[in-house]
Enquirer: 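Right, I'll just put the structure down here and ask away after.
First the proteins, then the strands, lettered A, B, ... as listed; each starts at 1. Just so it is clear, the values below take in all heavy atoms, side chains as well, and ignore hydrogens, waters and symmetry mates.
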There are 2 protein chains.
Amino acid sequence: MTASAARADARPSPRKRAGNGPAPRDIADDVGLDALVGHAGYAVRRFQIWIFQDFIRTLGDVDIRPTQYSVLTVIGANPGLSQMAVAKRLGIERARLVHLLDSLEQRKLVKRIKSKADRRSHALHLTAPGETALAKFKRLAAEHERNVEAKIGKENRAHLLRILAGFT
Amino acid sequence: MTASAARADARPSPRKRAGNGPAPRDIADDVGLDALVGHAGYAVRRFQIWIFQDFIRTLGDVDIRPTQYSVLTVIGANPGLSQMAVAKRLGIERARLVHLLDSLEQRKLVKRIKSKADRRSHALHLTAPGETALAKFKRLAAEHERNVEAKIGKENRAHLLRILAGFT
DNA sequence: GAAAGATTGTTGTTGACGACAACAATTGTC
DNA sequence: GACAATTGTTGTCGTCAACAACAATCTTTC
């Protein structure tokens with residue numbers, strides 16, 4: 001460990017700013033990224049990385065990633081939706097949903113049924129094994145949520161969901 | 001703003017759908033994702049996407065992305081850090097930091113100085129124009145933070161930062 | 001002091017993901 | 001029926017995380 005970078009390891013930073021102000025005024029002579037404290041985007045990004053890694057790890061045995069889980073969940077709750085409807089609802093592009101559904105259909109979890117009313121679109125449904133699989137995924141996802149609670153606290157998680165309810 | 005919907009409680013849903021199918025089967029806007037409500041990861045992901053897009057848009061004129069800003073900020077606050085120290089501090093891989101620094105160095109914002117003590121490593125510093133540029137970036141970043149406040153509320157943002165303080 | 005092991009920066013690959021553009025088939029509009 | 005819009009699909013481009021391998025350079029160990 002070189003002398004110039006010696007302080008990069010310690011992470012004391014007990015300095016909690018209870019005040020709401022961003023206060024980017026600090027000289028930050030102490031440690032690392034004091035200048036980044038107060039940036040919501042940075043904290044949210046780090047948290048999102050952590051939460052996704054825990055999700056991927058918790059659902060690792062069944063090999064389901066967060067986006068796949070969201071697609072399955074929406075289809076399970078709304079059978080018969082078109083790809084366009086699912087994509088718009090989840091905020092993903094329909095071009096990307098094509099590959100996601102290709103993978104899920106290859107695993108026999110989802111099936112595309114050509115719509116009779118609109119022959120351009122496909123009605124999306126879960127297969128029978130897809131339904132039972134989703135039930136298992138939901139149990140694992142609930143376990144993941146408990147990990148989140150253990151990480152940031154039960155009521156903090158609840159408050160977080162309340163704050164971000166407008167983005168779901 | 002495709003997903004700026006309110007709660008899933010009662011949504012009259014203007015039901016515009018000018019060019020939608022005749023069948024009442026695929027009404028995109030009325031899709032409920034009840035099962036996704038209550039998943040912290042989903043809300044955080046959507047929020048993170050929004051916040052990054054606003055950051056990129058607000059700092060669009062200076063062409064600085066969130067990761068670049070975090071690198072500049074850390075180097076500005078801790079001149080002389082090695083690439084390994086910066087990467088570890090920001091939670092990015094050193095392989096990725098190489099390209100980030102290539103870009104920033106090409107723009108004359110950062111310079112790599114071969115360390116005399118450890119000839120493997122580089123001491124990272126801001127250039128003179130890099131310092132003045134960072135000052136401008138910080139003003140724009142503060143404007144972005146005000147956008148976040150306008151989006152979720154001032155005290156909600158403060159509470160969020162408090163909840164996620166452990167991830168910075 | 002030399003060999004063995006670890007670290008730093010670099011290059012490369014892989015895969016997930018968002019953003020766009022173009023296209024055929026189909027539908028709605030005029 | 002001509003024209004515009006939508007749906008699913010294919011493709012490209014760029015960002016980003018995760019690895020793997022490598023040369024140069026410490027650090028450790030004998």
Enquirer: Listed by chain and number, what are the ring-ring contact (aromatic ring centres under 6.0 Å, His included) partners of His159(B), not counting sequence neighbours?
Expert: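 Partners of His159(B) under the ring-ring contact (aromatic ring centres under 6.0 Å, His included) test: His159(A).
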Enquirer: Between the two end axes of the helix from dG1(C)-dC30(D) to dC30(C)-dG1(D), each built from 5 base pairs, what angle do you get to the nearest 10°?
Expert: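 Answer rounded to 10°: the end axes differ by 20°.
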Enquirer: How close or far is atom P of dA19(C) from atom CG of Leu90(A), stated in whole angstroms?
Expert: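 To the nearest whole Å, that distance equals 14 Å.
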Enquirer: Taking side chain to side chain donor-acceptor pair (under 3.5 Å) as the criterion, tell me which of Arg46(A), His39(A), Arg45(A) meets it with Tyr42(A).
Expert: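 Single pass found, and it is Arg46(A).
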Enquirer: Considering only dT9(D), dT10(C), dT27(C), which nucleotide approaches the side chain of Asp118(A) most closely?
Expert: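 Selected nucleotide: dT27(C).
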Enquirer: What pairs with Glu105(B) under salt bridge (Lys or Arg N to Asp or Glu O under 4.0 Å), at least two apart in sequence or on another chain?
Expert: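 Per chain and number, Glu105(B) pairs via salt bridge (Lys or Arg N to Asp or Glu O under 4.0 Å) with Arg112(B).
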Enquirer: Just to verify, what does Glu143(B) make a salt bridge (Lys or Arg N to Asp or Glu O under 4.0 Å) with, not counting sequence neighbours?
Expert: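 Counting only residues at least two positions away or on another chain, Glu143(B) forms no salt bridge (Lys or Arg N to Asp or Glu O under 4.0 Å).
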Enquirer: Which ones in residues 99-110 of chain B lie close to DNA chain D, meaning a heavy atom under 4.0 Å from one of its atoms?
Expert: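 The stretch gives none, as no residue of it lies under 4.0 Å from the strand.
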Enquirer: In chain order, what residues pass the salt bridge (Lys or Arg N to Asp or Glu O under 4.0 Å) check against Arg157(A), with sequence neighbours excluded?
Expert: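 Expected list: Glu145(A), Glu149(A).
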Enquirer: Over how many whole Å does the gap from Lys114(A) atom NZ to dA24(C) atom C1' extend?
Expert: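 Distance check: Lys114(A) NZ to dA24(C) C1' gives 12 Å.
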Enquirer: Who passes ring-ring contact (aromatic ring centres under 6.0 Å, His included) against Phe47(A), sequence neighbours left out?
Expert: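 For Phe47(A), the residues satisfying ring-ring contact (aromatic ring centres under 6.0 Å, His included) (neighbours in sequence not counted) are Phe167(B).
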Enquirer: Closest nucleotide of DNA chain D for Arg65(B) versus for Val98(A): which of these residues is on the 5' side?
Expert: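 So the residue in question is Val98(A).
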Enquirer: Between dT9(D) and Gln83(A), is there an OP1 or OP2 to side-chain N/O distance shorter than 4.0 Å?
Expert: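 Gln83(A) to dT9(D) OP1/OP2: side-chain N or O found under 4.0 Å.
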Enquirer: Could you give all pairs that pass the ring pair (Phe, Tyr, Trp, His ring centres under 6.0 Å) test and reach residues 75-119 of chain A, with sequence neighbours left out?
Expert: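 Matches after skipping sequence neighbours: none remain.
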Enquirer: How long is the line joining CD of Gln48(B) and P of dC17(C), in whole Å?
Expert: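 Distance, rounded to whole Å: 13 Å.
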Enquirer: Just how far, in rounded Å, is C1' of dA5(D) from NZ of Lys88(A)?
Expert: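 Rounding to the nearest Å, NZ of Lys88(A) and C1' of dA5(D) are 12 Å apart.
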Enquirer: Listed by chain and number, what are the side-chain hydrogen bond (donor to acceptor under 3.5 Å, both in side chains) partners of Asp54(A), not counting sequence neighbours?
Expert: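 Scan of Asp54(A) (side-chain hydrogen bond (donor to acceptor under 3.5 Å, both in side chains), adjacent residues dropped) gives Arg57(A), Thr58(A), His144(A), Asn147(A).
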Enquirer: Taking only residues two or more places apart in sequence, or in another chain, which ones meet Glu131(B) in a salt bridge (Lys or Arg N to Asp or Glu O under 4.0 Å)?
Expert: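 Not a single residue meets the salt bridge (Lys or Arg N to Asp or Glu O under 4.0 Å) criterion with Glu131(B).
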Enquirer: Starting from C1' on dT10(C), measure out to CG on Leu124(B) and report it in whole angstrom.
Expert: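 It works out to 14 Å between those atoms.
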Enquirer: Using the side-chain contact (heavy atoms from CB on, under 4.5 Å) criterion, which residues pair with Val98(A)? Sequence neighbours excluded.
Expert: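 side-chain contact (heavy atoms from CB on, under 4.5 Å) list for Val98(A), sorted by chain: Gln83(A), Asp102(A).
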Enquirer: Whole angstroms only, please: what is the CE-P distance between Met84(A) and dT27(C)?
Expert: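 Nearest whole value for this atom pair: 17 Å.
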Enquirer: Less than 4.5 Å apart, any side-chain heavy atom of Phe55(B) and any of Arg65(B)?
Expert: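 SC-SC contact between Phe55(B) and Arg65(B) ruled out.
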Enquirer: What is the distance, to the nearest angstrom, from the CZ atom on Phe55(A) to the P atom on dC17(C)?
Expert: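 The distance from CZ of Phe55(A) to P of dC17(C) comes to 11 Å, rounded to the nearest Å.
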Enquirer: Write down the protein N/O and nucleotide N/O pairs, taken from nucleotides 17-24 of chain D, whose separation is under 3.5 Å; answer none if there are no such pairs.
Expert:
| from | atom 1 | to | atom 2 | distance (Å) |
| --- | --- | --- | --- | --- |
| dA17(D) | OP1 | Arg45(A) | NH2 | 3.2 |
| dA18(D) | OP1 | Gln53(A) | NE2 | 2.2 |
| dA18(D) | N7 | Glu93(B) | OE2 | 3.3 |

Enquirer: Provide, to the nearest angstrom, the distance between the NE2 atom belonging to His122(B) and the P atom belonging to dT25(D).
Expert: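 Atom-to-atom, His122(B) to dT25(D), this comes out as 10 Å.
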